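Below, each value reflects all heavy atoms present in this structure, side chains not excepted, and no hydrogens, waters or symmetry copies. Values in this document were obtained by computation on a predicted structure and should not be read as measured data. For reference, positions follow the sequence shown, starting with 1.
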Amino acid sequence: MTSNLRETLVGRLGTNGDTGVADRARRYVAALATDPTAIPPAIRQPILSTYAVNATPAEWDALLALAKAEKSPVAKNRFVTLLGAARDPATAGRALALLKTDTISAPQKAGLLRAVAGAHPDLAFDWAVANRELVESFLEASTRSGYIVGLGAGSNDPAMPGKISAFADKYLPASSRGGVTRSLSTIAVRKAAADQLRPAVTKWVAR
């Protein structure tokens, strides 16, 4: 129980920008260059996530180097996904640029772009639309109809539902729009919840 709570606390603090946790994560990850076991197993995932979310361009390069050097397929996939977690939009753009190279495999590209959408849904969706043929080239046929529209599901931009619908009208047959419906429903539910909570939150902040 204690170890689980520690892992959750480290992850929450680190990904929310706590400077102390972020600095500790940087020291741990730097030590991986010479010691693959430098990060205690109990906090390995939150430490790596903290590092990735707060990564500078140079730190992102270091994470890419770790991904390239990793021999374990499972661990390598995890490192690749972390390359898409950066909070900084410019650093996230470097992950998108990686999708145009042969550095990572097709499944890894799909995971990386989805990871970018986690923090930057608008950026990921717009990039995917602009590079639709490339994106579809690294997707399995069964996932293509829902993949790109799903990237925008986390967006709070009022224009996103229209953009998703426009993409569907142009590229997706009526029989393949289950993913569109799910994405639009996700956006609508989140907006309804935000609208419901906003008056109470506004009142509380004003105190």
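Side-chain atoms of S183 come within 3.5 Å of backbone N or O of V149 as a donor-acceptor pair. K76 contributes no side-chain N or O that, together with a main-chain N or O of K71, makes up a donor-acceptor pair within less than 3.5 Å. Judged by distance alone, with hydrogens and angles left aside, the side-chain atoms of R44 form no donor-acceptor pair with the main-chain N or O of I39 at under 3.5 Å. Judged by distance alone, with hydrogens and angles left aside, the side-chain atoms of D35 form no donor-acceptor pair with the main-chain N or O of A31 at under 3.5 Å.
The two residues A119 and A86 make their nearest non-hydrogen contact at CB-O, 4.2 Å. The two residues S145 and S176 make their nearest non-hydrogen contact at CB-O, 3.4 Å. Residue A115 comes nearest to T81 through the heavy atom pair CB-O, 3.3 Å, listed as atom of the first residue, atom of the second, then distance. The shortest non-hydrogen separation linking H120 to R87 is CE1-O, 2.9 Å. Of all the heavy atoms in A95 and V116, the pair that sits closest is CB-CG2, 3.9 Å. Nearest heavy atoms, T101 versus K109: O-NZ, 2.8 Å.
To the nearest 0.5 Å, atom CG of residue L139 and atom CG of residue L134 are 9.5 Å apart. To the nearest 0.5 angstrom, R132 atom CZ is 6.5 Å from F167 atom CZ. R26 contributes atom CZ, which lies 6.5 Å from atom OG1 of T56 (distance to the nearest 0.5 angstrom). Atom CG of L83 is separated from atom CZ of F79 by 9.5 Å, given to the nearest 0.5 angstrom. Taking CG from L48 and OH from Y28, the interatomic distance works out to 11.5 Å, rounded to the nearest 0.5 Å. Residue L64 holds its CG atom at 6.5 Å from OG1 of T103, rounded to the nearest 0.5 Å.
Contact annotation: the side chain of W60 never approaches that of D88 to less than 4.5 Å [non-hydrogen atoms, C-beta and beyond]. Within the 4.5 Å cutoff, the side chain of D169 has heavy atoms near those of the R177 side chain. Counting only heavy atoms from C-beta outward, the side chains of F125 and I164 approach each other to under 4.5 Å. Side-chain contact between S49 and L82 is present, with at least one heavy-atom pair separated by less than 4.5 Å. Taking the side chain as every heavy atom from C-beta outward, Y147 and L151 approach each other to under 4.5 Å. Between L32 and E70 there is no side-chain heavy-atom pair separated by less than 4.5 Å. No side-chain heavy atom of E59 sits less than 4.5 Å from a side-chain heavy atom of N54. No side-chain heavy atom of V129 sits less than 4.5 Å from a side-chain heavy atom of V135.
Within a 6.0 Å radius of CZ in R24, no more than 12 heavy atoms belonging to other residues, nucleotides or ligands are found.
Electrostatic pairing of R190 and D195 does not count as a salt bridge here, judged by no charged N lying under 4.0 Å from a carboxylate O.
Side-chain atoms of D157 and S155 form no donor-acceptor pair, as typed in the model, at a separation below 3.5 Å. Counted by atom type alone, S105 and Q108 present one or more donor-acceptor pairs between their side chains at under 3.5 Å.
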